[in-house]
Amino acid sequence: MASLMKGRTGDWEIVIGLEVHAQVTADAKLFSGASTAFGADPNTQVSLVDAAMPGMLPVVNEKSIEQAVRTGLALNAQVNLHSVFARKNYFYPDLPQGYQISQYEEPIIGEGEIVIDLPEGDSKTVGIERLHLEQDAGKSLHDQHPSQSYIDLNRSGVTLMEIVSKPDMRSADEATAYIEKIRSILRYIGSCDGNMQEGSMRADVNVSVRRPGEALGTRCEIKNVNSIRFVRQAIDHEAARQIEIIEDGGEIDQETRLYDPDRGETRSMRSKEDAHDYRYFPDPDLLPIDLDQGFVDQLKQTLPELPDQKKIRFTDDYGLSPYDASVLVAERETAEFYETVAKGRDAKLAANWVMSELFGRLNKADTAIAASPVSAEALGGLIDLITDDTISGRIAKDVFNEMFETGKDAAAIVEEKGLKQITDTGEIEGIIDTIIADSPDNVAQYQGGNMKVIGWFVGQVMKASQGKANPKLVNELLRMKLDA
Ligand code: ADP
Ligand code: MG
């Protein structure tokens, strides 16, 4: 599904590869025991190793290795039993070592692939180039003092997984679907919380353009994009910028750029280093990581059912469309919520209620499903009242709103407000008779062949019954009486 971009001189294809940096969920940093909790006071979570005091020795945190391996397995990727930490020499103002410990030629995870979910239920496979472990840098704060920068080393040394994709994406839609899928997988297995606002997941976005069918063009890398919306905007702006340059007869310089969301443009940060500029070499303070297959196999056993497997199960077992299934499995909590609602009930009706009414209200209230004021059991209870004809689908929406606001259960609200559906034919007939007697004109119209007035009659009966008459019965009885 190549979506081409129109230029002055014809069509262009956008080529995108992403490097996702994901902070590993672990109590300690990659090479020290300091805490990694978010939001602590500056420089309170810094060990002597993180501060790069002379003579300190890094010791690798086993939990970080486990999380990287589990993530590799979940990305259907090759786990390399032998991998090596390397020094990447570069001046990071907020990483006092003067180099970053990363992995280069021998990363812990090799090639893999994931399936991304596109609008209208389409999907596409995107290749993973590798996943390696590295240290995060600290943070420079430029807004605390008029002429000085402050440095917070809390984040310095925290474990990052850098997940590098192949240049397989062809549009901003595909790139955002990729990030959403990576985030979903990481959250399922608990290796990263995927929280882009807090910076625990960020992306470097590589963009180039080419004429369809031609070789790959020169890429620019847009660094550290921290929201899905900005990824989308950065790609569109960067592609348009490159197309304009090439159409004007220019060439793209391979460079590192920054996206400025306020101005909606990317700007050059520096010309791109080549790998040899970093003078990578194996870190002499660290042994290579040698895993045995048994350890990997054991971790494989700890993986939960992943989103793609769940999606297939949801389409098979519940008869959901691939699109609905992909929405419901995107977050583990949502999938669990849905399954509780659907258990022993009409699965499609359950999906509709979760996806339209519940999601709608949660979005409006900016509330996560885990904090939903209507529990899965309570929503199930409401659906039961619809299926056993106690209330109509129409009334159910009002009841749901009330449940959301008060936290009461459906049966209590129906009882309290007297919302039980009227299924007593005698009572409905009584209402119909009154309306027919009061509106001879409309009766004449109907009997003269204008079948559409039936809608007017239904409306009147529903109004007179305060929405409680069973609509199916109303229709049947009305036709019976009017046709008589
Ligand atoms: P670097 O560290 O130099 O950024 P990496 O190998 O870590 O190199 O990442 C390169 C990223 O750029 C990968 O995600 C890859 O898919 C992507 N990429 C490579 N060539 C192109 C291209 N021509 N257009 C777009 N993306 C590309
Ligand atoms: Mg990179």
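Counting starts at 1 for both ligands and their atoms, in listed order.
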Just heavy atoms, cut-off under 4.0 Å: does [X] contact ligand 1 by side chain, backbone, both, or neither?
X      : answer
Asn206 : both
Asp204 : neither
Arg130 : side chain

Please list, in number order, the atoms of ligand 1 under 4.0 Å from a heavy atom of [X].
X      : result
Leu18  : 14 (O)
Lys166 : 16 (O)
Gly217 : 23 (N)
Leu216 : 23 (N)

Main-chain N/O of Gly190 paired to Gln67 side chain as donor or acceptor, under 3.5 Å: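 Indeed, once roles are kept as given, a pair shorter than 3.5 Å links the two residues.
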Backbone of Ser83 reached by a side-chain donor or acceptor of Asn80 within 3.5 Å: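 A pair under 3.5 Å: no.
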Are a donor atom and an acceptor atom from the side chains of [X] and [Y] found within less than 3.5 Å of each other?
X      : Y      : answer
Glu247 : Trp12  : yes
Ser208 : Arg219 : no
Glu339 : Tyr318 : yes

Ring-face cation of Arg87 near Phe281 (centre distance under 6.0 Å, axis angle within 45°):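 Because its charged atom misses either the 6.0 Å distance or the 45° angle limit, Arg87 does not stack over Phe281.
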Can you find an N/O atom of [X] closer than 3.5 Å to an N/O atom of ligand 1?
X      : value
Thr218 : no
Val164 : no
Pro167 : yes

List, one per line, each side-chain donor-acceptor pair under 3.5 Å for residues 346-357, sequence neighbours excluded.
from	atom 1	to	atom 2	distance (Å)
Asp346	OD1	Lys348	N	3.1
Asp346	OD1	Leu349	N	3.1
Ser356	OG	Asn352	O	2.6

Within-shell test, Glu162 vs ligand 1, heavy atom, strictly < 4.0 Å: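 Within the 4.0 Å threshold, so yes.
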Ligand 1 contact by Glu221, heavy-atom criterion under 4.0 angstrom: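 A heavy atom of Glu221 does come that close to ligand 1.
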Chi angles and distances behind the side-chain hydrogen bond (donor to acceptor under 3.5 Å, both in side chains) call for Glu105, Tyr280: CA-CA 9 Å; Glu105 281 166 330; Tyr280 280 100; over 6 Å; no
Candidate with minimal heavy-atom separation from atom 10 (C) of ligand 1, of Gln254, Arg219, Lys88: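 Nearest heavy atom to atom 10 (C) of ligand 1 lies in Arg219.
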Pairs flagged by salt bridge (Lys or Arg N to Asp or Glu O under 4.0 Å) wherever residues 44-53 is involved - sequence neighbours left out: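 For residues 44-53, and leaving out neighbouring residues, the salt bridge (Lys or Arg N to Asp or Glu O under 4.0 Å) pairs sorted by first residue read Lys29-Asp50.
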